[in-house]
Structure formats: structure tokens, C-alpha cells
Amino acid sequence: MAANHLYLVDGSGYIFRAYHRLPPLTNRHGVPAGAVYGFTTMMWKLVDELHRAEGPTHMAVIFDASSKTFRNDMYDQYKAHRPPPPEDLVPQFPLIRDATRAFSIPCIEEVGLEADDIIACYAKAALAAGWKVTIVSSDKDLMQLIEPGLDMLDTMNNRRLGPEHVIEKFGVPPEQLGDVLALMGDSVDNVPGVPGIGPKTASELVRTYGDVEAVLAAAEQIKKPKLRQSLIDHADNARLSRELVRLVCDRPLPEPLDDLALKGLPPEPLRAFLEDMGFRSLLAKLGGPQPAAAPAASIDEEVDPPFVHKDYETVVDEAALDRWIAAAYAATQIAVDTETDGIDCVRAKLVGISLATAPGKACYIPLGHGLAGDDLLAEPPTQLPAELVLAKLKPLLEDPSILKIGQNLKYDLIMFRRHGVDVTPYDDTMLLSYDLDAGLGGHGMDDLAKRHLDHACIEFKTVCGTGKTQISFDKVALPQATEYAAEDADVTLRLWRRLKPRLAREKATRVYELVDRPLVPVIAEMERAGILVDRAELARLSAEFGGEIQRLEGVIHEAAGGPFTIGSPKQLGEVLFERLGLKGGRKGKSGVYSTDVNEMERLAGEGVAVARLVLEWRQLSKLKATYTDALQAQINPETGRVHTSFGLATAQTGRLSSTDPNLQNIPIRTETGRRIRDAFVAAPGNVLLSADYSQIELRLAAHMADVPALQQAFARGDDIHNLTAQELFGEVNRDTRGRAKTINFAILYGISSWGLAGRLGVDRGEAQAMIDRYFERFPGINRYIADTLAELREHGYVTTLFGRKTHLPGIKAKTVGERQAAERQAINAPIQGTSADIIKRAMVRMGPALAAAGLGHVRMLLQVHDELVFEAPEADAPAAAEVIRETMARAAEPAVTLSVPLGVEVGIGKSWGAAH
DNA sequence: ATTGCGCCCTA
DNA sequence: GTAGGGCGCAATG
């Protein structure tokens, strides 16, 4: 007979995690029961493993009896800052106790003791009796108990945690963990710890000195001054923390060990409990007669199984591949992810493909894995040939009846396109999240897994390392590669099951189907195309700027009376306002003098010559470092072109973003800067076309706020800033037009008298008077602002004309500053976002429109918010210009009919600068 | 080697 | 007052 094996379930810990992991389900009484359901299925699984070698023979579920414990006698602030549990969780606490009793398993709690302490007492007693022990929890405090014969089970991720896990996570074995936890403190439990010491420092100190007392004894010798002082100042807190995290394990057991024996799944009273809760699928598993009428309960939506990385399959033979393809056809949908040897999807090589057909059912098909080291004798791992796999997958990936699901599919689409596969139809979980939850957090897979699945994905760096020790994915051994890659597909599929049903319910279908999803292949093609830059011209500019920078440096250093780092705002401020004794230096919150362009312009206006020189130096340094130098380095050696990456789910408002390099901030305002734009050129025989919407946001504001005066002005083609100047100031000249333009922008940005005053250089009263006059002359604006803020307060988000949402949780913030910021964002987001929707629709239609006109070879290269850049054979440019103009001007139709025309200006030239 | 800040480029 | 990305510096680890 094998040794007894006691499972101690941390009931309190489990319920919180289950609550956040599972959707907010209710049972047949309409009572929230998601966490209860999760708990019940977990208990079922554990009890069912009775016959297994590692399975339980004895079990108990431990709860916290009260909020006050002996630790509060030691420290009255212990757990003092805990917020009360969420409202819909409270009624689930007693139900979880009911569930436990339904399994005929003891619920154990003890006044004055925390669940952790009771668990510790039972664990020690069982170990002393020669039993094995498993603690079902992922609480870091309980990890102190790990020792031979005792492990922990994290049922959320289905991982067993042993001493090596503690060492990996905290750098010390379990017996020293209490010392590390004490030093680092815990803000949730309000364990004070020592200020300035986090997990890293705590671990290092304990590794060096042994325990808290030894660290404190050695405090005087510690090199780092801040750390030394903090240890000395907070020695008492360190000792107190050590006691707070120490688990009590010497109390008498509330129930004897033998009473915890497990007898298997008891049909009664479990059946009664399941019936009462309406957990039908579990009831069915229990067997026997079923209740007649199926209650209208949502609880039996299948809850996802835990993540079991070892269950993922590495596909290295044809039969296995065929099996997965068959499973995909049977499921009618499949999550797909590609692994490559780099970030740059234009250059990177395909290394493997992962698939998932159901939650927990995922595989990895390695294609291009080599060897980790450079062992010349070893053979690369056995893999299927890439051509074979792609040929077998192609019909599936292109099958119109099978939905392909990806996370940021743009990347994978480019990868597959390069291998002759056109993936269709598809869903993108990143975009689903973006169109449902913009403003509520990131949309990367790690963010989404955390938010929706309470799951921490395997980090890329734990597989591939970081910094100079980083390896590319093809060097990762197959077992780890499989766990990482297949998990991505598994997570993607689970996310899709959560997000897709929300789309229609939350009215995000239109923007997803009509705007963002169809944009993916369009953007993919733009990135693949890239844009040609004249490397020699950039190099010439770099040299020229470099020479001028050197010259300016000499003059500035001379004027300053000695060399210093001009690029350091700290040093520059000290030179100007201390060494040179200039007046009016304003220090910011970090104690550094402000040296920004406003401040330097002020000094220059007061006759300080060096301020003007510094501004020139700054401009040239910026242009050289950010543009002429950096862009040369970004040229793809294979294509000779620069391939930016457009972010589809980055901006809160629906705009695109551009990185690596950012081609949406190429200079244009200054003459020197514009020379950089001239280095963006068309390929030989071609020209660049630049098409931009003129004042689209003001036009949209005129429409959305329904301001007849502005609408008529746009319809007539009048200069809108002149009109505004006439209305506000009664006369039109350079000065009033400039001020009117500033005010027009201020309206779009969510006006405040304070901000406008700063911009115009007038006092707040004057600014407010102008705003009042603006509202009076254009009354719709006032109403738009009021309606938009009402929408925000009611729903927590605002919407564009196409239904795109921007959530602004800041509206409920504690400080007025934050709430006002949210209000300004709310006024701007519908306008900026509608503009983004419109140009995206133009982009989606552009390919077909050009193709229909026999201009299919005209390539769209860039988008800069209100501008599109194309490359076309010289002879086709005039015809292309007309198609582009039409497509952009009509892009809102027919979904939205605007009360203003959309003006589009098209320029043609050999370079981007010339096309403007 | 990463991180926050100040500054500055775009629409 | 809106929305982005990226550089160098200086302080962290």
C-alpha cells in the first residue's frame, strides 16, 4: 500500500483566482456562481484522481475564518488596506463551503488563524506521520513550506511547484523564502518590508548573508548608501515583517488527520448540490437519473480546461500532420500562429507553425529548427520539410469554410503570403479586443491572456533569453519550442471564444467587419512594399549636419566658458542659469531647469545669442540622430527599401501608428527638415503620389456638431480659419487668422481656457471670453460637447460615426485633473477616430478601385493619418490620382452621409517632398 | 542592460 | 488642450 497523500486546498485563495479567471456566470437561481463552478470542477478532478499514484488519499479545504488574526495583535496595519471583495463574489463564499461539504470533504477554519497557518499545521503533522503532502494553491507565502515530500499544485496552470520553482522565482530555497518575503514586503497584505528593497535586492541580500537578522547585523558594511541607510532606519520593520510572514505550525489540529480520508466521488449529497446549482454537465458525469426540465442557466457554458504544456504535441511526421488537419476540418475553425527567426516579418524566416483546434488541444510543427550550439557532429532535429507542410496546410488555410484565428495576423499573413498561401477567411483576436475594449488596456497576447484567462503566457525571454545572450527561435530545442508556440495558438483560440460572441452584443461588428479586419491584408501589403529612400542623399545630409553640429558645439562651449554636454538638459540648465547667471530659470518637478523650446525662445528674444545656437544645435542633432542616421540603418538590404511596421491596435482612437522606423513623423515644417522628405523617392520610372484630406477633422467637427455656418463654409470652399477670424474678431488679417486657427484646433483637442491662454499668450479671462464667443457663434459645438460628455458618463466610452468605441475610465478618477483629461479626450476621440475610420475605409477600397481602373500595379506605401502615399509608373500617375481622389472623398459612404464634402489634394513628384 | 525623463518630430 | 514614436542622458539594476 502506497503512502498516504494529503491534499490541502487553499479555499480562500482559490476563490479569488477563480473569480477573476472565469466569466461572470450565474446559476439557475440567478446568483453569481462562476467561482463556485470553477471550484466544483477542480474538486471533482482532484477527487477523481484518487486512484492515481500522485492522487490524494486524504483531503481538506481550508478557509480563513475571520479577518482578525494573531498577526493583527503584532501589527494593527496588517492587511489593513485590503479592499472589500467584489459584490458578486461575496455570496459565493458560503456556496463554496457547501460545495466542499457536498463532496463529503471537511471544511476547516479556525478563529484567529489564517488559512495559511492551518495548512502549515496539517502539513507538518502529515509529514511527521510519513505522509506525502500537496498544497493546492499558488500563494507565495505557502511556498515556504515546500520540502521533500511536500509540493504545491497550481490548478490554474496545472503545474506542480517544487523547491526548484522557488529558487527560480526568488533565487533562494524555500527555507530562506520567509526572509526574502520579509525584506521585500507585500503591499497587498501591508507587510511593511524595507523601503527600496524589491524582490531582486531582497533575494541577493538573503543569498549573501543568510537571513534577515544576518542582513541587519551586516547593514553597516553594505556599500550602496541608500540601501544601507534604509536597512538601518527600518530594522524594526524588517524584524516585524519576518514574524508576519512566518507561518504558525504548532497548533493542535481541529480535526485529526485520519478523518480527512477520501472515499471517492460520493453520489449524495453531491447530486443534490449539483441539481440545486444547475450544474448539468457535472450532473451528467455523475450518472443516474437526470432532472427533467433543463433550467435556463448559463453556468454550463463549458469552462476552459487548465493549461497543460506537456500535453502539446510536436508534429514531426506526416500522419500526425494529417490528424491535425482533419481535426481542423472537424472543428471548422483553427487558431494559427507562426514562429520566425526575427521580428522583421519582411526578412525573417519561417521556423515553425502552431495550431489549436480546441482549448488545450494544440500542436507545434517545427520547420526550420537548427542546433542550439555549434556542435558540428550533432544532427538538427528531425522535422517535416517546410514545402510539404505548407502544401498540406494551403488548402486548409485557404478553405472558405474554415475560419482561421490569429493574434496580430498581419505578421502571419505576410509570412504565409511569402510562401504562396493566401489565408482566408480569418479573425484576429487583437483586433477583436481593440474594437471591443479600446482604452481598457493593451491588446497584445500577454495582456489579453492576463485580462481574460488569468493566465501568464510563457515569456519569450524565458525561451530565447535576452540581450546579447538572446537566441533566435530556430535555436530553441523542440520540447520548449512546442510549449511556447503551441501555447500561443491555444491562448489565441481561448481568447477568440471569449471575444467573438461579444462583438454583436456590444455593437462592435460594423467597425470590425467593415474597417479593421479587412484592413489587415492591406497593411500587410504596404509593409511588404516598403518605400525607397536615397541612401546617398541621407549620408550627404548626415555629413552636412554633423559638420554644422560640430561648429555649433565649438561656439556654444566658448560662449559657456567651457565644454559641457549640450544634449543634457540638466547640464545645459546649470550652464545657462548658474554659470552664466541668466534670469528666469524655472525648475520642473525633477529639480531640473526647463530648457525646452519656449524657454529658449524667451532667452533668445532677450538677446541671449547662445540660446538661439542651442536651438539650432538641437534641431540638427535631432534630424541627424532620428532621421538621416537612423533611416540609413533601417534600409532592408534585400529590397533596398524601408519597411515600417504599422500598429493596428495601438492608438486609443482608432488611428494607426508606425514604428521601426516611424514614418509618420518625417519632418516637413522646416526647410532643413523637408530635405529629409526629399530623400524618400520613387523607383526608377515611377513617381510618388501624395493624397491628403484637407482639414478633415474640422470638417467632421462641423458635421458631428451640426454647425451650419461651418458646413456652408466648407461647401463653398471658403478658408475656414478666415471665417472663424471674421466671426470672432470682426476682421481678417494675419494675426486674427492665426489666433482663429489656434482656437479651431483647441476645439478639436477638448478646449480649456487654461490651455488656450497658454497657447495664445493671453490671460485666462481673455481666453475664456474667446471660447464663449466661439460657442455663441457656432452653437452646435456647445451641444456636441455636452452630448459627448453625457455619453461618456453614462457608458464609460464615446463612439465615432462608425461605432468605434474609446473607453475612458479616467472619467471616474479621484482627481479633477484626471477627470478633466478624460473629458478632453472624450471630445477629441470621436472626431479623431471618425477621421481614422474614414481613411481606413478608403484604404480598404483602394486596391479594388485601382484594379477596376486597370491600375492594379499602383502600390499604396504609407498612411500618415490624413495622407496616403502611393508609387505608380509615371504614365499612370494622372489616372491614379483621380481614382485615389474619388475613393478618398467618398470613403464615408454609404455607411455615413456627411453634411460636408471631404476635400482631397493630390500631389505628384519624384520624391515625397516634391509630391507635397 | 533596462527604465524614466526631457525634449522634439508628425497629424 | 488631442493622438502617436524615438532619441540621448542619467540613474537604476
Side-chain angles (χ1 to χ4, degrees), chain A residues 196 198-201 203-204 224 226-227 438-439 461 465-470 565-573 588-600 614-615 618-627 629-631 634 644-647 650-670 672-674 676-677 692-697 701 742-760 767 771 806 808 820-833 835-836 839 862-867:
Chain A
K200 291 272 154 55
T201 312
S203 162
E204 198 186 323
K224 295 179 182 166
K226 278 204 179 140
L227 180 56
K461 66 179 182 198
T466 177
K468 63 180 178 186
T469 57
Q470 189 171 338
T565 307
I566 306 170
S568 161
K570 185 162 172 280
Q571 291 186 37
L572 177 63
K589 62 175 177 205
S590 60
V592 183
Y593 291 107
S594 167
T595 62
D596 67 11
V597 62
N598 292 323
E599 195 69 10
M600 300 304 275
V614 168
L615 285 174
R618 279 222 185 115
Q619 189 199 15
L620 291 172
S621 302
K622 169 85 177 178
L623 295 178
K624 182 172 188 289
T626 310
Y627 301 106
D629 288 352
L631 276 173
Q634 292 276 1
T644 185
S645 172
F646 287 105
T650 307
Q652 315 273 301
T653 53
R655 273 190 176 182
L656 300 180
S657 70
S658 164
T659 57
D660 308 305
N662 182 353
L663 295 185
Q664 291 180 323
N665 71 346
I666 302 301
I668 191 166
R669 288 180 188 182
T670 66
T672 323
R674 211 170 302 145
I676 293 164
R677 234 167 233 247
D692 66 289
Y693 285 111
S694 82
Q695 298 179 353
I696 186 169
E697 294 196 1
T742 301
I743 297 170
N744 278 330
F745 275 105
I747 297 293
L748 300 180
Y749 293 160
I751 201 155
S752 82
S753 57
W754 199 86
L756 182 63
R759 256 307 156 110
L760 286 177
I771 294 170
T806 296
L808 294 166
Q820 285 172 340
E823 290 178 2
R824 291 193 298 272
Q825 293 170 322
I827 293 162
N828 177 256
I831 300 169
Q832 190 183 114
S835 167
I839 196 167
L862 299 178
Q863 189 249 45
V864 193
H865 309 310
D866 65 0
E867 174 188 10

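Chain identifiers are assigned alphabetically (A, B, ...) following the order of the sequence lines, protein sequences preceding nucleic acid strands; residue numbering begins at 1 within each chain.
The backbone N or O of A:Glu697 sits nowhere less than 3.5 Å from a side-chain atom of A:Ser835 that would complete a donor-acceptor pair. In this structure, the side chain of A:Gln664 engages the main chain of A:Gln863 through a donor-acceptor pair within 3.5 Å. In this structure a side-chain-to-backbone donor-acceptor pair under 3.5 Å is present from A:Thr806 to A:Gln652. Looking only at distances, no side-chain donor or acceptor of A:Ser203 sits under 3.5 Å from a matching main-chain atom of A:Pro199. Of the possible polar contacts, none joining the A:Thr626 side chain to the A:Leu623 backbone as a donor-acceptor pair under 3.5 Å is found. For the pair A:Thr644 (side chain) and A:Pro661 (backbone), a donor-acceptor distance under 3.5 Å is present. A:Thr565 places no side-chain N or O within donor-acceptor distance of the main-chain N or O of A:Ser568, the cut-off being under 3.5 Å.
Within 4.0 Å (heavy atoms only), A:Thr742 reaches at least one base atom of the nucleic acid. Within 4.0 Å of A:Thr466, counting heavy atoms only, lie sugar-phosphate atoms of the nucleic acid but no base atom. The residue A:Asp692 sits apart from the nucleic acid: no heavy atom pair falls under 4.0 Å. Heavy atoms of A:Gln820 sit nowhere under 4.0 angstrom from any nucleic acid atom. At the heavy-atom level, A:Ala651 lies under 4.0 Å from the strands shown only through sugar-phosphate atoms. Within the nucleic acid shown, A:Thr565 comes within 4.0 Å of sugar-phosphate atoms alone, with no base atom in reach, counting heavy atoms only.
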Distance-only donor-acceptor pairs under 3.5 Å for side chains of residues 821-831 of chain A, two or more places apart:
unit_1   : atom_1 : unit_2   : atom_2 : d
A:Glu823 : OE2    : A:Arg793 : NH2    : 2.7
A:Asn828 : OD1    : A:Gln832 : NE2    : 3.2
A:Asn828 : ND2    : A:Leu748 : O      : 2.8

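You can see that DNA chain C meets the heavy atoms of chain A within a 4.0 Å-exclusive cut from C:dG1 to C:dG13, reading 5' to 3'.
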Discussion item. Counting primed atoms plus P, OP1 and OP2 as sugar-phosphate and everything else as base, spell out the protein contacts along nucleotides 5-11 of chain B at 4.0 Å heavy-atom distance: B, S or - for each nucleotide, 5' to 3'.
Written reply: SSSBBSB
